[in-house]
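Remarks on the structure that follows.
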Amino acid sequence: MSTSARRTTRTHTRNLRPYAVGAAVAVVLLASTACGPDGDDGAGRTGGSGRPSATTPATPGGTASPQPEDTTTSEPEVTPTAKPRVTKPNLPGSGSDAGTTAIATCTQEQLAVSSELEPPDSKEHRHLLLTVQNVSDKKCNLHRYPHVRLGADSQADTPVIKHTDPDPGKPVTLDPGREGYAALLVSGGHRDEYEATSITLTLQGAETGTHAGSPIDVPLPVAKLHADDGQLVTYWTTAPGFALRAIMSK
């Protein structure tokens with residue numbers, strides 16, 4: 001071989017060495033990739049790490065277990081409602097001195113009792129005005145009408161004239177020194193006339209059908225009266241003229 005031919009062969013040999021080295025490196029890299037873990041079927045392409053989420057626990061098979069729903073219902077906040085304050089009306093005599101609001105029923109010890117003819121110069125003695133005066137230092141109540149009996153032998157109370165109640169259902173209150181009145185028709189022109197030398201009256205209690213004390217003797221304006229079964233009495237009132245009008249026409 002000539003000298004020029006040997007130079008040409010050396011030049012080609014030097015030029016082929018880099019390509020051979022590059023090819024060898026490529027073969028090594030391919031072999032390394034082929035020896036990687038099985039099952040990496042695209043997970044690396046998506047950039048996923050393959051590790052379970054820190055907030056969602058993993059279950060076998062790679063499926064996250066469902067979290068139970070919170071079914072707790074929150075109770076609405078209830079604001080207590082303040083009850084309205086009820087103000088009771090002041091009754092007569094009410095206030096700081098509790099226990100004195102009720103006015104007691106009049107008793108015999110509190111009253112001065114009298115009777116007089118109407119008119120005063122009457123000869124028939126048929127119409128009387130019964131008067132009670134509160135001589136105590138406290139108010140007291142007269143209830144309904146007096147239970148009157150004419151004569152010691154009387155077996156029944158004198159009937160009442162019902163339309164003479166000045167304020168139905170309410171008592172007549174007597175302040176100290178004040179007077180209450182009831183008019184009495186001794187005889188109504190009926191039969192069974194008899195002589196009466198006494199009159200008694202009994203005060204009624206606050207409850208219907210009750211009495212406040214024993215019968216009270218009423219002084220007579222004359223020595224005796226001629227009564228019969230037509231006798232009548234009115235309700236208590238503080239107006240004597242109102243009571244007398246109910247009997248003067250009889």
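Keep in mind that the numbers below use all heavy atoms, side chains included, and drop hydrogens, waters and symmetry copies.
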For this session: Would you check, one step at a time, whether the test side chain to side chain contact (heavy atoms under 4.5 Å, CB included) holds for V113 with L130?
Result: CA-CA 8 Å; V113 182; L130 306 179; over 6 Å; no

So, [X] side chain and [Y] main chain: donor-acceptor pair closer than 3.5 Å or not?
X	Y	value
Q204	Y145	yes
T105	G205	no
T210	E207	yes
Q155	D153	yes
E118	L128	no

Problem set entry | T131 side chain reached by E116 side chain, heavy atoms, under 4.5 Å |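 With C-beta onward as the side chain, the pair touches.
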
Working to the nearest 0.5 angstrom, can you tell me the gap between [X] [atom1] and [Y] [atom2]?
X	Y	atom1	atom2	value
H127	L184	NE2	CG	10.0 Å
Q110	N134	CD	CG	5.5 Å
R144	L142	CZ	CG	11.0 Å
H226	L150	NE2	CG	12.5 Å

Exercise. Under the side chain to side chain donor-acceptor pair (under 3.5 Å) test, which residues partner E195, sequence neighbours left out?
Worked result: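 So E195 forms a side chain to side chain donor-acceptor pair (under 3.5 Å) with K224.
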
For this session: Please identify each residue that fulfils side chain to side chain donor-acceptor pair (under 3.5 Å) with E109, with sequence neighbours left out.
Result: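 Here the qualifying residues are T107.
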
Exercise. Who passes ring pair (Phe, Tyr, Trp, His ring centres under 6.0 Å) against H125, sequence neighbours left out?
Worked result: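 Counting only residues at least two positions away or on another chain, H125 forms no ring pair (Phe, Tyr, Trp, His ring centres under 6.0 Å).
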
Exercise. Which pairs pass disulfide bond (SG atoms under 2.5 Å apart) with one or both residues in residues 146-223, sequence neighbours excluded?
Worked result: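 For residues 146-223, and leaving out neighbouring residues, there are no disulfide bond (SG atoms under 2.5 Å apart) pairs at all.
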
Problem set entry | Sequence neighbours excluded - disulfide bond (SG atoms under 2.5 Å apart) pairs with any residue from residues 106-222 |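 Non-adjacent pairs meeting disulfide bond (SG atoms under 2.5 Å apart): C106-C140.
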
Closest non-hydrogen atom pair, [X] against [Y]:
X	Y	result
Q108	L203	N-CD1, 4.3 Å
S154	A156	OG-O, 3.1 Å
S114	P219	CA-CD, 4.3 Å
K138	P176	N-CG, 3.7 Å
P119	M248	CD-CE, 4.1 Å

Which residues share a side chain to side chain contact (heavy atoms under 4.5 Å, CB included) with [X], sequence neighbours left out:
X	result
L220	I199, L225
N141	I103, H143, P171, T173
S198	A152
D217	T200

Please check if [X] and [Y] belong to a single hydrophobic cluster, counting links between Ile, Leu, Val, Met, Phe, Trp and Tyr side chain heavy atoms closer than 4.5 Å.
X	Y	answer
V160	Y181	no
V218	L174	yes
L201	V186	yes

Exercise. Salt bridge between D157 and R149, side-chain N to carboxylate O under 4.0 Å?
Worked result: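 Yes, D157 and R149 are salt-bridged.
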
Exercise. For V135, what are the other residues in its hydrophobic cluster, where any two members join if their side-chain heavy atoms are less than 4.5 angstrom apart?
Worked result: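 Members besides V135: none; it forms no cluster.
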
For this session: Assess whether side chain to side chain contact (heavy atoms under 4.5 Å, CB included) is satisfied between T202 and H211, documenting all intermediate values.
Result: CA-CA 7 Å; T202 303; H211 290 156; 3.8 Å; yes

Pair up each side-chain donor or acceptor in residues 231-247 with any protein partner under 3.5 Å, not counting sequence neighbours, and list the distances.
residue : atom : partner : partner atom : Å
Q231    : OE1  : T158    : OG1          : 2.7
Q231    : NE2  : Y194    : OH           : 3.3
Q231    : NE2  : D228    : O            : 2.8
T234    : OG1  : A183    : N            : 2.9
T237    : OG1  : A239    : N            : 3.1

Problem set entry | Partners passing salt bridge (Lys or Arg N to Asp or Glu O under 4.0 Å) against E124 (at least two apart in sequence or in another chain) |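 Expected list: R126.
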
